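Notes to accompany the following structure.
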Amino acid sequence: MIGSIVTTAKGHLQGTMENDVCVWRGVRYAKAPIDALRFRPPEPVEKWSGVLDAVDFGAVPPQPMDRAVRTGMAGNEKMDEDCLFLNIWSPRADDRKRPVMVWIPGGAYITGAGSIDMYNGHLLAKNGDVVVVSINYRLGALGYLDFTEFTDDGETFETNLGLRDQVASLKWVKENIEAFGGDPENVTIFGESAGGNAVTTLLTVPSARGLFKQAIAESSAPTSVYGKAFARQFSEKFLDILGIGKNEIHRLKTLPVQEIVAASYQLLQENSQAMPGSLSFGPVVDGDFLPDYPLDSIRSGKAKGIPLLIGTNRDEATLFEQMDPPLIPINEEMIHKMFENTDPEAKERITNAYMNFPKKEAALGIGRDATFHIPSVWYAEAYSRFEKTWMYRFDYKTPALRISKLGATHGMEILFAFQTFDSALGKWITSYGFKTAALKVSQRIQGHWVNFAKYGNPNPEEGEIWPKYDENNHYTMIFDKKDYIEKDPNRMIRLAWEGVGIYK
């Protein structure tokens with residue numbers, strides 16, 4: 001069914017109407033980052049005449065598709081370097097000025113796309129009466145390696161290109177979303193994993209200020225942001241893999257994208273073994289676009305005025321057992337190497353805090369906490385000193401998740417926030433029945449997310465059931481078959497991690 005024709009600042013778009021929700025797919029928010037624009041900041045789209053179709057998803061960013069398929073992060077569309085597209089779901093393209101929720105997908109900054117089926121914004125938009133936007137951004141070496149120190153004559157490279165893409169998409173939303181039934185003054189950014197890291201980083205990016213009003217960080221790794229010196233070793237190794245000298249950096253501008261993707265994947269594999277717990281690709285503190293480490297910025301009160309909802313999943317690390325490479329430290333050897341590289345003196349204290357280490361459950365607990373939970377706690381503690389903060393932990397397991405021993409693993413809360421149980425992964429996690437029970441959990445989680453997007457507070461209008469997080473009480477909402485509030489969960493483990501050194 002044909003939907004409304006919408007007029008943006010640069011031209012007209014034709015979407016579709018699907019199950020009483022208006023949908024626009026493959027909307028270009030920046031020029032194609034190809035040819036002279038490879039490794040350059042995103043540029044605004046130019047005006048067009050006539051009406052452009054916005055019916056099909058745009059291309060997904062270049063990525064190692066074998067890995068993307070194995071981790072469930074692949075979209076069903078073509079892959080192309082011309083990938084800076086977003087997608088919009090709205091109850092109506094009218095003048096209602098609904099809250100806007102912009103989804104930043106994850107995938108370790110090397111896989112992912114806004115078009116993945118479990119990110120379908122249909123039910124979130126319909127149930128919550130909100131406008132949902134999902135975005136693509138550049139990945140791997142094209143989006144997150146820093147080559148600025150190797151620049152040769154006549155060639156210009158830039159830092160944090162994927163992060164700059166995200167800011168460009170938010171600027172597009174600010175300028176255009178009112179035409180789609182959204183409120184440009186009430187935008188919430190939300191994302192998971194690398195997308196959660198993007199959220200906790202964007203909160204400290206000066207050029208993103210004023211582009212969003214609330215932030216939701218799901219399973220963020222807030223400390224996976226590195227200084228230029230640390231990040232340099234990744235770009236050097238990448239050049240070594242390709243056989244490109246530092247004085248011939250210009251070759252990257254014309255190298256076939258398939259070679260860049262293959263070298264990115266090789267870098268990821270090698271780094272997972274050499275420096276467990278670090279990410280090959282991610283934001284770089286360049287002193288300009290990203291002035292400082294996000295956690296340090298937050299501790300100095302740089303994000304006042306933007307309420308934060310942040311949390312992690314109980315069994316984050318089990319998903320990474322299924323990956324090759326696993327990306328986070330999940331066994332004794334990787335854990336010991338992680339501490340040797342970061343804070344050797346803390347190793348014994350930390351491992352002693354986990355019962356039966358180095359057995360599997362304890363090792364997975366350390367991997368979870370080193371990467372996601374403890375950095376999120378540090379971030380929430382610092383954030384709560386200056387601004388309203390709420391924290392959660394997702395514990396719910398369907399029978400399929402219990403039988404598979406994945407539990408409440410990394411990324412599972414996404415299905416409940418979007419209510420995408422008809423996606424491939426959603427069908428699997430409800431394959432043993434109990435979809436009705438899962439739906440009830442989803443309705444509660446989705447309700448909190450929508451409340452937060454509407455009011456800057458996840459609580460229902462009838463009264464507070466989720467108290468704010470602070471350094472004294474550490475109140476945490478536990479999402480399970482029945483939700484409950486826990487004060488300072490895993491307190492002894494939290495205390496054991498205090499002051500631990502990290503990759504910087």
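Heavy-atom basis, side chains included; hydrogens, waters and symmetry copies ignored. We number each residue from 1, following the sequence as shown. From a predicted model like this one, the values you see are computed outputs, not experimental measurements.
The two residues Phe289 and Asp286 come nearest to each other via the heavy atoms N-OD1, 3.0 Å. For the residue pair Tyr226 and Ser278, the shortest heavy atom distance occurs at OH-CA, 3.2 Å. The two residues Leu364 and Ala317 make their nearest non-hydrogen contact at O-CB, 3.3 Å. Residues Ile260 and Phe238 share a closest heavy-atom pair of O-CE1, 3.7 Å. In terms of heavy atoms, Ala194 sits closest to Gly107 at CB-N, 3.9 Å. In terms of heavy atoms, Thr200 sits closest to Tyr379 at O-OH, 2.7 Å.
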Worksheet entry | Val187 vs Leu211, side-chain contact (heavy atoms from CB on, under 4.5 Å): CA-CA, chis, key distance, verdict | CA-CA 7 Å; Val187 174; Leu211 298 179; over 6 Å; no
Worksheet item: Can you list the steps and then say if Ile135 with Trp103 is a side-chain contact (heavy atoms from CB on, under 4.5 Å)?
Response: CA-CA 7 Å; Ile135 68 169; Trp103 175 252; over 6 Å; no
Worksheet entry | Step-by-step salt bridge (Lys or Arg N to Asp or Glu O under 4.0 Å) determination, Glu248 to Arg251 | CA-CA 6 Å; Glu248 48 182 3; Arg251 290 176 53 192; 3.3 Å; yes
Discussion item. Is there a side-chain contact (heavy atoms from CB on, under 4.5 Å) between Lys360 and Glu321? Walk through the geometry before answering.
Written reply: CA-CA 10 Å; Lys360 178 178 173 178; Glu321 284 188 290; 2.8 Å; yes
Worksheet entry | Candidate pair Thr148 and Lys228, rule side chain to side chain donor-acceptor pair (under 3.5 Å), full reasoning | CA-CA 10 Å; Thr148 56; Lys228 286 181 74 71; 2.9 Å; yes
Worksheet item: Going through the checks in order, is the side-chain contact (heavy atoms from CB on, under 4.5 Å) test met by Met323 and Leu327?
Response: CA-CA 8 Å; Met323 297 182 184; Leu327 294 186; 4.2 Å; yes
Discussion item. One pair to check against salt bridge (Lys or Arg N to Asp or Glu O under 4.0 Å): Arg314 and Asp395. What are the steps and the verdict?
Written reply: CA-CA 5 Å; Arg314 183 185 184 97; Asp395 284 20; 3.1 Å; yes
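Between Met275 atom CE and Glu340 atom CD the span is 14.0 Å, to the nearest 0.5 Å. Taking CG of Asp315 as the start and CG of Leu319 as the end, the distance is 11.0 Å to the nearest 0.5 Å. To the nearest 0.5 angstrom, Ile310 atom CD1 is 11.0 Å from Thr476 atom OG1. Here CZ of Arg25 is found 9.5 Å from OG of Ser134. Values are rounded to the nearest 0.5 Å. Expressed to the nearest 0.5 Å, how far CD1 of Ile350 lies from CD1 of Ile335 amounts to 11.0 Å. The structure places CG of Leu268 at 5.0 Å from OG of Ser280, a figure rounded to the nearest 0.5 Å.
A cation-pi arrangement is present between Lys253 and Phe157, with the terminal nitrogen or guanidinium carbon under 6.0 Å from the aromatic centre and inside a 45° cone about the axis. In this structure, Lys504 forms a cation-pi arrangement with Tyr293, its terminal cationic atom sitting closer than 6.0 Å to the ring centre and no more than 45° off the ring axis.
The aromatic ring centres of Trp449 and Phe416 sit 6.0 Å or more apart. Ring centroids of His448 and Tyr392 are separated by 6.0 Å or more, keeping the two rings apart. Taking the six-membered ring where the residue is Trp, the centroids of Phe479 and Phe394 are separated by 6.0 Å or more. Two rings, from Phe234 and Phe281, have their centers 6.0 Å or more apart. Taking the six-membered ring for Trp and the full ring otherwise, the centers of Phe230 and Tyr503 sit less than 6.0 Å from each other.
No donor-acceptor pair closer than 3.5 Å links the side chain of Asp80 to the backbone N or O of Pro62. The closest donor-acceptor contact from the side chain of Asn490 to the backbone of Ile493 lies at 3.5 Å or more, if one exists at all. The closest donor-acceptor contact from the side chain of Thr389 to the backbone of Glu387 lies under 3.5 Å.
Around atom CD of Glu259, more than 12 heavy atoms belonging to other residues, nucleotides or ligands sit under 6.0 Å away. Annotation for Glu149: atom CD counts as buried by contact number, over 12 foreign heavy atoms lying within 6.0 Å.
Between Phe357 and His336, the ring planes lie perpendicular to each other; the angle is over 60°, past the 30° to 60° tilted range. Ring-plane geometry between Tyr119 and Phe418 is classed as tilted, the angle between the planes lying from 30 to 60 degrees on a 0 to 90 degree scale.
Counting heavy atoms from C-beta on, the side chains of Leu290 and Thr204 come closer than 4.5 Å. The shortest side-chain heavy-atom distance between Ile88 and Val23 does not fall under the 4.5 Å cut-off. The shortest distance between side-chain heavy atoms of Lys337 and Pro276 falls below 4.5 Å. Put simply, the side chain of Leu161 reaches to within 4.5 Å of the side chain of Phe39, judged on heavy atoms. Side chains of Leu239 and Leu252 form a contact here, defined as non-hydrogen atoms less than 4.5 Å apart.
In this structure, a donor-acceptor pair under 3.5 Å is absent between the side chains of Thr111 and Gln63. Side chains of Glu316 and Ser219: a donor on one and an acceptor on the other come within 3.5 Å. Under 3.5 Å, the side chains of Asn356 and Glu361 contain no donor-acceptor pair of N or O atoms. For the residue pair Gln273 / Gln269, no side-chain donor-acceptor distance below 3.5 Å is found, with atom types taken as modelled. Judged purely by distance below 3.5 Å, without hydrogens or angles, the side chains of Tyr29 and Asp165 never pair a donor atom with an acceptor atom.
For residues 397-408, no residue pair satisfies the side chain to side chain donor-acceptor pair (under 3.5 Å) rule, not counting sequence neighbours.
The side chain to side chain contact (heavy atoms under 4.5 Å, CB included) test with Thr420 is passed by exactly one of Leu123, Asn120, Leu425, Ile116: Asn120.
A salt bridge is defined here as a Lys NZ or Arg NE, NH1 or NH2 lying under 4.0 Å from an Asp or Glu carboxylate O, and Glu236 with Lys246 meets this definition. The pair Arg28-Asp82 meets the salt-bridge criterion, since a charged nitrogen lies less than 4.0 angstrom from a carboxylate oxygen.
Residues that satisfy the ring-ring contact (aromatic ring centres under 6.0 Å, His included) test with Tyr469, not counting sequence neighbours, are His474.
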